[in-house]
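To start, the structure under review is shown below, and the notes come after it.
In listed order, ligands and their atoms are each counted from 1. Keep in mind that the numbers below use all heavy atoms, side chains included, and drop hydrogens, waters and symmetry copies.
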Amino acid sequence: MKAFKSLTVYSEKAILAGIFTEKPHDDDDLLAMEELQRLAETAGARILTSIVQNRHRPDSATLFGKGKVEELNALAQSIDADVVIFNNDLTPAQVRNLEEALKLKVIDRSELILDIFATHAQTRQAKLQVELAQLEYTLPRLKHLWTHLSKIEGGIGIGQRGPGEKQLEMDRRIARDKISKLKNEINELQAHKVREVTARAENYTVSLIGYTNAGKSTLMKRLTGADVLVQDKLFSTLDTKTHTWQFSSGQKVLLSDTVGFIRNLPHNLVASFHATLEEVSQADILLHVIDVSAQNAEMQIDSVNAVLKELKCLDKNILLVFNKIDLADDDLHLSMLRNKYPEAISISALSGTGMDILEKTVNSHMHGKQNEIELIVPVQNGKLLAYLSEKGRILSKELKKTKFHIRVMLGNRDAVIVKRMNNERSSEGRGTAE
Ligand SMILES: Nc1nc2c(ncn2[C@@H]2O[C@H](COP(=O)(O)OP(=O)(O)OP(=O)(O)O)[C@@H](O)[C@H]2O)c(=O)[nH]1
Ligand SMILES: [Mg+2]
C-alpha cells in the first residue's frame, strides 16, 4: 500500500478549517473549532490560523465554495502552511480535490483523531486496535488513491485493466487479510484479559468512563494510588487498566480506567476499541466522570451517553461524578448542572475533595442493588452452581454430605432466577431454597 499518505501532523504548520451549516453559527460551533485546535495541538501540529465558512450546503466536490478555496489557497501560500485540518468529515473525493487545488496535505477530524491514537498507543492491544481502525478507514479510500494514480499514469482504456486497478485489487486483498488477522489477535488478547479479570470475579468491578480529559486517570490515581499517566492532553489513556480500590472499611473493588470519548467519535475507532470497551459493559457500576469546568459539559455528557448507547450500556448502573469542582468558578453554570443532575456527586480528583462521599455512594449502590441469599444446592445441580459462580459473589460455600450450603450476593433479577432454578430442583425432591 504505497499510496498511503503520511498521517502524522507532528510539528507541521497547520491551518484549521471548518464549515458552519447553521446560520448564524452558535457557541457550539466555536467550541467545536476550539476542540479541533486542542486535538491538533495534542497531535503536535503548529497551528498558524483558522478559516471558517458559513454555508448552508457544503460543496460536494470541495466542501468550501470555490471562492473560499481560493482564499484558503492564498492564505496557505502566504503563511507557508504544510497541512489543512478540516473539522468536518471529508469524502475521499473532497480530500483529493482539495489537495490538488491547494497543493497541500488535507486531513479531516477523524484522521486527526486516528493520528493521535496512533501516537499515544502504548500497549500491544491498543496498537493493534489503532492499526485496525486505520486500515478500516483507508480501505474504502484505496479506490480513489489508485484511480488517481492510474490517471497520472495515462489513464486506462475501456475493458482494459490498468496497473492501478490490478494493484488496487491486490491492496484490497492484503488490507482485508490484515484486518481479519488483527481482529483475531485483538480478540485473543482481550479473551486473555477477561480470563484474568474473571479469575478475580468475586470482586465488584467499577469502570471510569467519560469525555476525554475529564479527569478519569487522575481519579484512578487518587483512588488506587496507581501510577497512571495523567496529562492535559486529549486521549492520554488508550487502554483499560485495572487496579484495586480499597474502601476505608477494607472492602475492595476493581477499578478500571478507559479510553475517553469525544463527540462524533469516528465509527471505526469505536468498532476497533470494542474489545477494550467490552470491559465497560461487564462492569457492575460505571462512574461517568464529567469536567464541570468545561463550558460545554452538557454536550460532553450527551456525547458520552451516545457512545454508551452504541455499546448498549445505557441501562447499566451509572453514577454521575462532577469533577474539577475546584475550577468551576461560574456558579450559575454549576448550579444549572446541579439542578439538571441532582444525583451527581461533586468531587475534585486533583485535590481529593469528595472522595469520602464518592466511596459511600458506590458502597451503598453495591449493596442496595444486591441481595444476600442462602441456598442449599445438591452437588449434582451443576447448572445452578455454574450460574451462581458466574452471576453472584460467593460469600461462603460449605459441603455438607451431598449438598453445598452457599451464601451468595446476587442482584435482584438474578436472585429471582436462582430461587426459581433451585425450586425447580426441590420440587423434584433434590434441592431446597433457603
Ligand atoms: N483543577 C483540576 N484539574 C484536574 C482535576 N482532575 C483532573 N485534572 C486535570 O485534567 C487533565 C486531564 O486529566 P486526566 O486524568 O489525564 O484525564 P482523562 O479523563 O484520563 O483524559 P484522557 O485519558 O486523555 O481521556 C490533567 O491536566 C489533570 O491534572 C481536578 O479535579 N481539578
Ligand atoms: Mg486518562
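Salt bridge Asp227/Lys241: absent, no basic N to carboxylate O contact under 4.0 Å. Under the 4.0 Å criterion applied to side-chain N and carboxylate O atoms, Glu136 and Lys183 are assigned as salt-bridge partners.
Val84 pairs in a side chain to side chain contact (heavy atoms under 4.5 Å, CB included) with only one of the listed residues (Asp108, Leu72, Leu98), which is Leu72.
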Please report, to 0.1 Å, the donor-acceptor pairs under 3.5 Å made by any side chain of residues 301-313, with sequence neighbours excluded.
| residue | atom | partner | partner atom | Å |
| --- | --- | --- | --- | --- |
| Ser303 | OG | Met299 | O | 2.9 |
| Glu310 | OE2 | His267 | ND1 | 3.4 |

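Of all protein atoms, those of element N, O or S that lie under 2.8 Å from the Mg ion (ligand 2) number 2.
At a 4.0 Å heavy-atom cut-off, the residues surrounding ligand 1 are Thr212, Asn213, Ala214, Gly215, Lys216, Ser217, Thr218, Val230, Gln231, Asp232, Lys233, Leu234, Phe235, Ser236, Thr237, Gly260, Asn323, Lys324, Asp326, Leu327, Ser348, Ala349, Leu350, listed by chain and number.
Looking only at atom types and distance, the side chain of Asn296 has a donor-acceptor partner in the side chain of Gln300 under 3.5 Å away. A donor-acceptor pair shorter than 3.5 Å can be found between the side chains of Ser110 and Asp89. With 3.5 Å as the limit, one finds a donor-acceptor pair spanning the side chains of Asp257 and Ser217. Ser248 and Glu359 form a side-chain donor-acceptor contact under 3.5 Å, judged by distance and modelled atom types alone.
Applying the ring pair (Phe, Tyr, Trp, His ring centres under 6.0 Å) test to pairs two or more places apart or on separate chains, none has a residue in residues 318-355.
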